[in-house]
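Lettering of chains follows the sequences in order, A, B, ..., and the numbering in each one begins at 1. Just so you know, these numbers come straight off a predicted model, no measurement behind them.
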Amino acid sequence: MAPKIPYPQPIMTTPAPPQHLFADVLARVRAACATQIGATADLSRVVVEPPRDAGHGDMATNAAMVLAKEAGKKPRDLAEAIAAALRDDPVIAKVDVAGPGFINLTLAPQVWGEALRAVLAAGRDYGRSQIGAAEKVNVEYVSANPTGPMHVGHGRGAVFGDALANLLAFAGYDVTREYYINDAGAQVDVLARSAFLRYREALGEDVGAIPDGLYPGDYLIPVGAALAAEQGTKLTTMPESEWLPIVRAKAIAMMMDMIRDDLAALDVRHDVFFSERSLIEDGDKVGATIATLRNSGQVYEGRLEPPKGGNLEDWEDREQTLFRSTGFGDDVDRPLLKSDGSYTYFASDIAYHKSKVDRGFRNMIDVWGADHGGYIKRMQAAVKAVSGGKAELDVKLVQLVRLLRAGEPVKMSKRSGEFVTLREVVDEVGRSAVRFDMLYRKNDAVLDFDLAKVIEASRDNPVFYVQYGHARGQSVFRNARTEMPELPESAAGRAELFGTARLDRLDDAGELAILKRIALYPRLIEAAASAHEPHRVAFYLYDLASEFHSHWSRGKDMPHLRFIIQNDRELTVARLALVQGIVTVLASGLALLGVEAPDEMR
RNA sequence: GCGCCGGUAGCUCAGCUGGAUAGAGCACCAGACUUCGAAUCUGGGGGUCGGGGGUUCGAAUCCCUCCCGGCGCGCCA
């Protein structure tokens with residue numbers, strides 16, 4: 001279950017950004033509440049939301065039900081009192097009390113036109129929020145081992161982390177995108193030995209089959225060739241202790257270049273690539289972190305119970321160096337040193353997260369694969385320990401991706417390097433399809449990724465449906481130019497023309513539904529960012545596109561509802577302004593998801 | 001045995017941090033192309049929100065418990 005993160009809402013009459021209609025009305029509602037039960041009341045639970053049933057007005061508030069106890073009144077009575085206060089507000093046209101004490105608000109008609117005007121004025125900045133208050137957030141994602149190409153599961157983490165970082169930045173956080181390079185464990189020594197074989201191969205030696213336990217993939221052949229070109233035969237005369245660091249460094253560098261290329265194909269980029277090895281080689285940060293924790297009593301020498309239900313045959317009861325993670329809610333204390341005295345992965349991970357704390361981050365988000373789920377509690381415990389309880393770590397687990405083609409599973413065996421790489425998938429179906437499809441699902445649900453379906457051009461394929469909405473909007477502008485040749489090509493130019501539009505002429509039910517959806521966007525952004533849930537953006541865009549397609553089609557049977565109306569320039573301009581609002585929001589949301597917003601899709 | 005993640009329409013999934021009569025797509029049935037793009041749209045049937053308790057004005061949502069599926073369970077990363 002995802003941790004509950006309080007959704008920050010402006011308190012009382014805090015001035016809302018002019019384009020944020022819901023925040024504005026919330027402030028008005030809270031002010032009205034304060035007039036009824038006093039300014040000291042706790043209004044944090046008072047919310048304003050769109051009712052499910054459009055017959056209940058434009059917005060509804062739970063204020064009376066939430067505050068009834070504190071006010072010492074019945075919810076209905078309190079609702080009537082608050083409603084009376086709200087009736088004085090010129091923005092609110094109608095106030096009804098309904099059900100157990102809901103207050104339903106119908107806004108004055110001009111509000112929607114003004115909301116659209118705010119969209120046009122803000123342009124690409126529409127929906128941008130300040131709830132992040134420029135607070136620093138570290139988002140760590142991908143962090144795939146530098147031992148080979150990325151596979152599809154890595155891709156999901158990459159896309160999720162990237163979209164989440166985009167979303168947080170748009171919501172006003174100061175975001176750092178980080179990749180932790182696991183370049184210190186045993187697996188990079190295996191990588192080095194594997195590359196060394198390819199090096200000998202490049203020198204002309206017949207190395208035969210790649211032995212078990214080494215990486216067999218062809219992607220190491222260029223590493224061997226590069227080593228041969230740079231080093232000649234020099235390495236063959238060295239003992240392993242000498243050639244291994246050289247080969248390892250070269251192999252890691254080339255693997256990281258490959259991974260960066262794979263990420264670039266998905267338009268995923270990071271600000272910081274943090275080397276695990278640097279924690280040891282640039283002064284022993286891991287040892288220092290352990291020492292600090294030992295001084296505060298959080299590290300001790302002790303024995304652990306053998307794990308229940310696991311295989312106990314190789315269990316050796318011995319005293320070891322343990323971190324007291326149980327003090328922070330973990331199930332057992334966790335070892336920091338292996339039996340050979342080297343650091344566990346957990347130990348360097350603590351030092352790594354301490355470096356985030358030292359770099360000023362109080363908010364960290366780690367994106368991990370689902371198989372690391374058992375690791376969350378100890379890591380959160382460690383973050384609390386190294387920050388003195390001041391930093392928060394949220395871990396987003398990205399579930400498995402099942403790769404299918406027309407419903408049939410695609411083999412993903414890692415054996416002999418024959419797994420389907422992320423790059424192959426991106427090359428086949430394109431960046432936008434991969435990204436949207438992976439984001440059109442909660443991160444903690446298993447994802448079926450069907451190579452045949454994601455390139456299908458139909459309503460069944462959400463990415464095309466949404467992109468088509470954007471293209472269709474642009475198409476309306478193209479067609480409008482035959483009537484109105486002076487219609488500017490650029491969004492900015494059009495925004496200027498639409499600035500004087502008679503938006504009060506947008507009074508059809510379909511138009512109003514779209515206007516209301518657009519007005520919801522800033523609230524959606526804040527909620528999605530606060531919950532760390534980029535998939536909400538994808539679903540919102542689908543809904544907006546659906547309303548647009550639906551309204552567009554109404555114009556077939558009812559020509560007076562079309563966007564371009566001959567002999568009524570005023571109405572046409574107003575309706576084109578609405579299309580501009582749709583296109584602006586679709587483009588904004590797609591950009592957050594990293595998906596292209598095409599102008600045409602023929 | 002313990003922990004984490006799931007369980008919502010036949011299938012794939014949403015459900016806005018506890019709101020009103022639980023939604024969408026697919027599939028199925030019935031309709032709309034001398035059109036600003038039919039890559040679209042309109043209508044219809046279809047639900048014990050895994051089961052059972054609890055919390056309260058109100059629960060798919062929070063708590064407890066059980067069932068089913070996935071992942072994990074010193075020194076691998």
Side-chain angles (χ1 to χ4, degrees), chain A residues 1-2 4-7 45 47 49-53 56 60 62 65 68-69 74-76 98-102 104 145 147 182 184-188 276 304-310 314-318 320 322 330-335 337-340 342 344-346 349 369-377 397 399-400 440-442 444-446 448 456-462 464-465 467-468 471-472 475-480 482-483 520 523-524 527-528 530-531 533 535-536 539-540 542-543 546 549-557 559 562-565 575 579 600-602:
Chain A
M1 181 53 67
K4 294 287 178 183
I5 294 138
Y7 172 34
R45 290 178 62 210
V47 297
E49 54 190 3
R52 204 189 328 257
D53 184 344
H56 291 144
N62 60 354
M65 293 176 288
K69 197 168 282 181
K74 290 181 188 167
R76 294 277 315 200
F102 286 102
N104 292 329
N145 286 342
T147 54
N182 297 126
Q187 84 283 356
V188 286
E276 178 185 5
L304 286 178
E305 295 286 317
K308 300 271 197 310
D314 54 353
W315 173 262
E316 177 201 352
D317 187 30
R318 64 178 183 86
Q320 48 190 343
L322 298 169
D330 199 3
D331 307 313
V332 290
D333 293 338
R334 305 291 178 175
L337 297 182
K338 300 182 200 171
S339 51
D340 66 359
S342 62
T344 61
Y345 180 81
F346 182 48
D349 233 353
D371 53 342
H372 290 57
Y375 207 74
I376 296 177
K377 281 185 183 176
L397 286 187
Q399 278 288 350
L400 199 72
Y440 195 66
R441 183 134 321 176
K442 283 183 297 192
D444 45 16
V446 176
D448 286 337
E456 205 173 275
S458 76
R459 174 163 198 163
D460 191 22
N461 183 5
F464 275 87
Y465 189 73
Q467 287 184 315
Y468 179 42
R472 181 172 251 179
S475 157
V476 173
F477 294 139
R478 284 192 292 273
N479 287 308
T482 59
E483 281 290 309
L520 220 48
R523 181 178 182 275
L524 177 276
S530 298
E533 291 184 344
H535 77 273
R536 293 194 199 186
F539 281 94
Y540 169 88
Y542 186 88
D543 288 342
S546 177
H549 289 313
S550 175
H551 186 67
W552 191 95
S553 298
R554 249 170 250 137
K556 280 188 309 184
D557 294 337
R562 295 182 183 179
F563 293 103
I564 299 161
I565 303 295
R575 289 181 174 174
V579 174
E600 54 183 335
M601 300 180 75
R602 286 181 188 281

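Here A:R562 lies in heavy-atom contact (under 4.0 Å) with a base. Nucleic acid contact for A:A68: none, since no nucleic acid atom lies under 4.0 Å from a heavy atom of the residue. Among the protein residues, A:N62 comes within range of the nucleic acid bases, having at least one heavy atom under 4.0 Å from a base atom. Among the atoms of the strands shown, base atoms are found under 4.0 Å from some heavy atom of A:I564. Residue-level contact check: A:A98 touches the bases, meaning some heavy atom is under 4.0 Å from a base atom.
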Check nucleotides 11-13 of chain B against the protein and report each pair of N or O atoms closer than 3.5 Å, with its distance, or say if there are none.
from, atom 1, to, atom 2, distance (Å)
B:C13, OP1, A:R441, NH1, 3.3
B:C13, OP1, A:V446, O, 3.3
B:C13, O5', A:R441, NH1, 3.2

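In this structure A:D349 satisfies the salt bridge (charged side-chain N to carboxylate O under 4.0 Å, His left out) test with no other residue, sequence neighbours excluded. Evaluation of the side-chain hydrogen bond (donor to acceptor under 3.5 Å, both in side chains) rule for A:E49 yields no partner, not counting sequence neighbours. Legend: residues meeting side-chain hydrogen bond (donor to acceptor under 3.5 Å, both in side chains) with A:H549, ordered by chain and number and at least two apart, are A:R472. Under the side-chain hydrogen bond (donor to acceptor under 3.5 Å, both in side chains) criterion, A:K442 pairs with no residue at all, not counting sequence neighbours. Checked against ring pair (Phe, Tyr, Trp, His ring centres under 6.0 Å), A:Y540 has the following partners two or more places apart in sequence or in another chain: A:Y521. The ring pair (Phe, Tyr, Trp, His ring centres under 6.0 Å) check on A:H551 picks up A:F563, with sequence neighbours excluded. In terms of the salt bridge (charged side-chain N to carboxylate O under 4.0 Å, His left out) criterion, A:R562 has no residue partners (sequence neighbours excluded).
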Annotated protein contacts, base or backbone, on nucleotides 25-30 of chain B with a non-hydrogen cut-off under 4.0 Å, one of B, S, - each: SS----
